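My structure is below; once you've seen it, I'll send some questions.
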Amino acid sequence: MAKQIAVAVIHGIGSFGKRPGNSATLSFSKDLARLVRTRIDRGNAGQFASRVAWREIFYSDITEKNQNAYFERVKNKLNYDGLREFAIKNLGDAAAYHNAPGDPNHDIYRDIHARCDTVLKELEDDTEAGAPLIVLAHSMGGHVFADHIWDRQHDQRLTTQRISSCNTIAALMTFGCNIPLFTFAYSFDQILCIANPGTDLPAVLQRQPWWLNFYDKDDVLGYPLENLGIGYKSLADAGGLKDRQINSGSWLSSWNPLSHSGYWRDADFVDEVADMVQSTLDRV
């Protein structure tokens, strides 16, 4: 049976192990999905499984291919191999993705966005026609998916009222978002922003703000977006974008930079996601 809403979850920088064989087989978002499902099913047991299609956009296997090959060539030749591997697989993701996306030989950008498109098309198959999409994007995944929306908003060949065209997005929820780190080649007045991607949804499913950005003040890789550039400032002033500060992580991590990985199981963030899913189900 076709489900009523779609949820696409995309990870950020770093290594996430072996990619599952199916985007519906959860890995990095498994805990978040389980906790959200528990909250949703409190009011109506089983409705999460029967009404919500949840899939992951997993791309670290794309960025790690060249990273792993290089690390094999240099390991045991330098000091601090463990730290170097961590740096290569975290800093290297951003460098690989952002390097000359217009270059016809630059496969990383193209391959990551092909992966996004594949998962969105799978969600189309899972759901009713015109189903609303909720996007959950962590860390660099926020930048990747904002690019994905931007590219589709500027390609007139794409059809409307389809999940893969990014025209039925009810909410974009970024967390630990580091979009600012990708913009420092531009001044404040040059930095633009995506437009509302939910314009093909019925009015009852459109919301303000439609972009919620969660950050922790101790997370050095997560930032507010309102004052990033003129486009973001205009979107925030119009009510489309809202930054929300939360205390991410456990007592071991919420007060330090480890909070960057804490959102996935953080009670406050889980509640925000569950509220978004539930309110969208109610409106459907």
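Remember, it's a predicted structure, so these values are computed and weren't measured experimentally.
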Heavy atoms of other groups near Lys3 NZ, more than 12 under 6.0 Å: yes
Looking at Gln4 and Thr127, would you say the former's side chain and the latter's main chain have a donor-acceptor pair under 3.5 Å?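 Answer holds: no.
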For the residue pair Ser139 and His260, confirm or rule out a side-chain donor-acceptor distance under 3.5 Å.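 Looking only at side-chain atoms, His260 and Ser139 do form a donor-acceptor pair, the distance falling under 3.5 Å.
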Can you confirm whether the side chains of Thr174 and Trp211 place a donor and an acceptor under 3.5 Å from each other? yes
Tell me which one of Ser165, Pro197, Cys116 satisfies side-chain contact (heavy atoms from CB on, under 4.5 Å) with Ile149. Pro197
Linking I/L/V/M/F/W/Y whenever any side-chain heavy atoms sit under 4.5 Å apart, do Leu281 and Met1 land together?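 In one cluster with Leu281: Met1, no.
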Ring geometry between His148 and His113 (parallel below 30°, tilted from 30 to 60°, perpendicular above 60°): parallel
Determine whether the side chains of Ser279 and Arg207 contain a donor N or O and an acceptor N or O closer than 3.5 Å. yes
So, taking the atom named CD1 in Ile169 and the one named CG in Leu133, what distance separates them when rounded to the nearest 0.5 Å? 5.0 Å
Interatomic distance, Leu26 atom CG to Trp54 atom CH2 [nearest 0.5 angstrom]: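 Leu26 CG to Trp54 CH2: 8.0 Å, rounded to 0.5 Å.
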What pair of heavy atoms forms the shortest contact from Ile179 to Thr183, and how long is it?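 So the two residues come closest at O-CG2, 3.4 Å.
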From CD1 (Ile108) to CD1 (Ile62), nearest 0.5 Å: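 Answer rounded to 0.5 Å: 7.0 Å.
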Can you name the one residue among Tyr215, Phe269, Phe175 that meets ring pair (Phe, Tyr, Trp, His ring centres under 6.0 Å) with His138?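 Of the listed options, the one satisfying the test is Phe175.
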Indicate whether any N or O donor in one side chain lies under 3.5 Å from an N or O acceptor in the other, for Arg55 and Asn22. yes
For atom CZ of Arg39, decide whether the heavy atoms of other residues, nucleotides or ligands shown that lie under 6.0 angstrom number more than 12. yes
Give me the one residue out of Asp282, Thr280, Asp275 that meets side chain to side chain donor-acceptor pair (under 3.5 Å) with Gln278. Asp282
Would you check if there is a donor-acceptor pair between the side chains of Tyr223 and Asp243 at a distance under 3.5 Å?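 Side-chain D/A pair, Asp243 to Tyr223: absent.
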